[in-house]
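Heavy-atom basis, side chains included; hydrogens, waters and symmetry copies ignored. These numbers were taken from a predicted model, which means no experiment stands behind them. To find a chain, count down the sequence lines: A is the first, B the second, and so on, and within it residues start at 1.
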Amino acid sequence: MAVRSARVSSVVPRRAVGVDIGGALNLVGAMLRYLALAFLFPTGIALGYGEPVWPFLASGAITAVAGFGLERITTGRDRIGAREGFFVVSVTWLLAALFVSLPYLFAEPQLRHPVDAYFEAMSGMTTTGASVLTDIPALDHSVAMWRQLSQWLGGMGIIVLALAVLPRLRVGGRQLMEYEAPGPELEPLAASIRATARRLWFLYLGLTGAMILVLTVVAYTGLDEAMTFYEAVAHALTTLPTGGFSTRARSIEEFGAVSQWVIAVFMVVAGANFALTYRALVRGQLRAPIRDEELRLYLGLLALASIVLFLDLVREGIHTGEEAVRHAVFQASSIMTTTGYASVDFAVLWTGLAALVLVMLMFVGGSAGSTGGAIKPIRILLTGRILRRELDQTVHPEAVLPIRFNGLVVHERTLRAIGAFVLLYLAVFAVGALVIAIDSGRADLNVGAFDAIAAAATTIGNAGPAFGLAGPMGAFAPFSPLSKEAMILHMWMGRLELIPIAVLFTRSYWRA
Amino acid sequence: MKIFVVGAGQVGATVVEALHSEHDLTLIDLDPGRLSALSNRYELRPVQGNAASRRVLQEAGLVDGALFIACTSRDETNIVAAMFAKRLAPEITTIVRTTREEYVEIWRERELEIDHVVSTELETAHAVSRLIGVPAARQTDIFAEGQVQMVEFDVEEGAQADLVGLPLRRAEIPPDSKVASIIRGDRTIVPRGDESIEPGDRIVVIGSPEAARAWSQLLSRSDRAVDDVVIVGAGETGVAIARLLLEQQIRVRMLEADAARAREVAELLPEVRVFHTSGLEQDFIERERIGHARAAILAMPEDAKNLYAATLAKLHGVRFTVAIVHDPLAADVFERAGVDVAVNPRTVTAEEIVRFAHDPRVLQLSMLEGDRFEVLDITVREDSALCGKAFRELPMTGSLIGAIVRDGRAIFPHGDDMLQPGDRAIIFTESSRVPQVERAL
């Protein structure tokens with residue numbers, strides 16, 4: 001046998017694959033297994049409201065069987081290599097969205113088409129908040145709540161969750177978390193990556209609980225008639241992951257001013273670096289957050305956008321007084337943190353200038369280490385510094401000019417990666433916008449150039465609403481399946497910040 | 001005084017030359033050739049051997065020594081020798097020469113059992129800083145959360161005339177500050193109003209941070225004020241010089257030929273603009289307007305390159321050039337060839353060591369800055385006899401109240417101010433008077 005195989009290989013040189021696919025899939029299986037537990041939450045709600053339970057039990061069973069099966073047919077490794085990490089993260093997210101979409105397929109008539117169900121699931125897991133649903137109030141409570149929960153799970157990241165509970169990820173887990181965590185560098189909160197993951201989830205849980213509490217108080221003190229405990233839970237689950245799914249047809253517009261302000265505040269918190277929030281809230285350290293350059297840029301851009309929107313709204317007489325301030329702040333926060341709620345139908349009522357500001361905000365995104373998507377203030381800041389240095393260097397070729405962030409020198413390697421990320425982001429966005437424009441033209445849809453750009457920007461940035469037919473009160477349903485698939489790819493790549501997925505498409509990744 | 005000198009190199013030779021006539025010297029070195037060269041010239045007792053060996057030190061008769069100066073070119077040898085010396089003769093005062101600033105830092109944190117550390121780089125930097133007319137504070141201590149500073153300065157020839165040579169009560173001293181002590185030759189003076197500051201003094205000032213800066217400006221040479229300096233060579237010495245100049249808000253540019261070192265220094269000193277270049281190219285000098293700099297400091301390791309660069313800088317219009325020279329005989333040549341001043345790090349180091357050997361504080365048990373004088377931070381008791389008296393009425397003793405902190409704010413008292421219960425007083429006093437001061441307050 002040995003001789004024969006040697007001869008075969010001499011005739012057809014088999015190229016060794018440099019990636020341990022078996023080991024990687026084994027880990028993916030182990031993580032999916034835990035995802036099955038998540039189906040218990042909507043099951044409980046279905047029981048409570050007397051709605052069918054089987055879609056969730058069946059989906060949960062399928063997920064568990066698939067997870068265990070994948071684990072069984074592959075051989076696990078004690079540690080996962082850096083290379084396998086890219087594969088694990090990318091595939092885990094693809095498959096997780098697939099299993100999350102099962103209840104939609106089983107129980108929701110509006111999501112019968114697999115592409116629609118998968119779109120809704122991917123939009124949920126990646127905390128995008130774009131929806132193909134045209135009639136949201138028609139959803140069962142359990143299905144509606146499953147949508148909300150999918151965003152909450154995806155927000156902090158399923159890998160981070162797995163890291164917190166899976167004992168075998170003690171080695172090599174850091175790499176995985178880096179690939180999933182938003183932003184160029186992960187800020188450790190504890191010595192071990194496992195403790196960091198736990199602290200992040202603890203904070204995430206705590207903030208979600210706090211938001212439920214505040215909204216419930218708003219509901220029971222009669223400050224907002226439309227708010228209930230159910231809505232409080234539903235919206236807390238999609239605010240902290242900067243998700244944007246709502247249980248209401250007209251999103252946050254249906255709630256009163258107090259609820260809108262509360263949600264706006266929590267969106268801003270969710271879009272800030274969780275490590276800084278942890279330090280400020282848990283350790284009482286205020287110095288580092290106040291001096292953090294990214295936080296300053298984040299809040300500065302937020303304030304600037306709010307002011308521009310406010311002035312535009314007042315000048316055009318669209319809103320006045322407190323209403324104008326509220327909608328300006330709410331919409332700037334919602335879009336920039338890539339949450340995607342709407343307190344008003346900005347796509348229909350607001351001006352072209354406001355629309356342009358909002359689309360630009362879709363590219364900014366939340367801070368590194370937050371649940372927000374898109375390019376992120378830190379990369380914008382550093383790209384700005386790279387550009388400034390290039391200009392400086394042009395005049396002074398011999399000058400040695402290290403670039404700093406928060407006073408610390410940033411490695412040239414990191415700077416290159418940031419430059420590459422921004423370019424890749426814009427390239428993928430441009431291709432997506434083209435695909436959507438061409439495909440919509442072919443399908444005779446009324447999608448203008450700006451609408452195509454907005455749809456691409458909102459999906460790659462994980463924001464949610466776009467303009468035109470996919471406006472905040474509209475739906476992505478009319479797009480053709482090809483456009484939807486492009487948007488699914490956008491959401492997936494945007495959530496994992498492109499690089500882990502992009503490397504899978506290089507030849508050198510697979511070579512030994 | 002019985003003095004032990006370890007190391008018969010350039011620094012050791014200078015120290016021996018300065019001290020041999022008045023003191024009983026023992027010179028320890030590994031190299032018999034260097035030893036006999038010095039012992040033939042001066043009256044001293046040569047000991048051949050490794051000073052970092054306890055046996056050698058014992059045999060050299062260290063037990064009744066008064067001062068131990070370790071000034072070989074190897075830091076570790078110096079430190080180990082000084083520590084052994086301290087063990088063998090606890091009464092001895094140890095001075096260590098070092099070339100690494102890290103050791104100075106560790107020593108300042110009192111983690112090294114050495115009485116005094118003289119850093120070649122720092123001394124060179126101070127010498128250069130004095131030369132270009134901006135004497136930097138030799139030492140700064142901070143009290144009351146940074147509101148009160150104690151700063152030590154060297155007073156140069158040419159400092160502002162309305163300060164030097166006048167009785168202190170008539171001199172224009174920056175507001176919110178006091179001269180706490182004047183070290184002149186072998187005397188330390190706690191000055192009264194009729195005392196005056198003279199060139200060559202080393203003074204200790206207590207005051208607000210603004211006042212400390214004002215002092216530094218007052219002591220600058222008015223005729224040679226610089227604001228833009230180019231340092232060629234980003235070695236340890238270059239960096240030490242840059243640090244001192246930056247403290248005084250002078251714009252510093254540095255030129256370094258080694259790419260990795262240039263990067264390292266650029267990362268270390270964000271305020272400095274570092275260029276990766278040899279600094280010897282006409283094209284570069286023109287393009288970067290190096291000629292506009294008021295002073296150029298040539299701190300490359302090779303003397304010849306420093307001379308060349310200094311000449312080049314002069315040609316392009318730099319008014320004042322300081323070259324670091326390592327060859328003891330080259331300084332003269334350099335200065336004749338057109339370099340304004342040549343500084344030899346070893347000579348500077350030796351001078352500082354000799355200065356310490358002459359310093360009255362050496363005669364104390366130890367000469368840690370804080371040992372002869374102490375700065376106390378005391379909260380005034382309610383029943384203190386000094387409360388409610390104007391400062392001018394307070395008894396004249398060897399102590400001085402530099403500042404008081406009242407309600408969290410620093411006040412620099414004048415004659416009419418009064419001490420109040422609960423005030424925090426920052427007091428500069430002789431160590432021997434500490435108990436008295438504490439009792440009085």
**Item:** Positions in residues 257-265 of chain B that reach chain A, provided some heavy atom is under 4.5 Å away
**Value:** B:Ala262, B:Arg263

**Message:** Please determine whether side-chain contact (heavy atoms from CB on, under 4.5 Å) holds for the pair B:Asp303 and B:Lys305, giving the CA-CA distance in whole Å, both sets of side-chain angles, and the decisive distance to 0.1 Å.
**Reply:** CA-CA 5 Å; B:Asp303 288 356; B:Lys305 274 193 182 168; over 6 Å; no

**Asked** Is it the backbone or the side chain of B:Glu288 that comes under 4.5 Å from a heavy atom of chain A, or both, or neither?
**Response** side chain

**Prompt:** What residues form a ring-ring contact (aromatic ring centres under 6.0 Å, His included) with B:Phe284, not counting sequence neighbours?
**Reply:** B:Phe275

**Request:** Go through the steps for B:Arg251 and B:Glu271 under the test salt bridge (Lys or Arg N to Asp or Glu O under 4.0 Å), then give the verdict.
**Result:** CA-CA 8 Å; B:Arg251 178 183 176 219; B:Glu271 306 95 328; over 6 Å; no

**Fill in**
Sorted by chain and number, sequence neighbours left out, ring-ring contact (aromatic ring centres under 6.0 Å, His included) with A:Phe421 holds for A:Tyr425

Solution key, residues 231-244 of chain B side-chain donor-acceptor pairs under 3.5 Å, sequence neighbours excluded:
none

**Prompt:** What about A:Tyr278 and A:Phe202, are their ring centers closer than 6.0 Å?
**Reply:** no

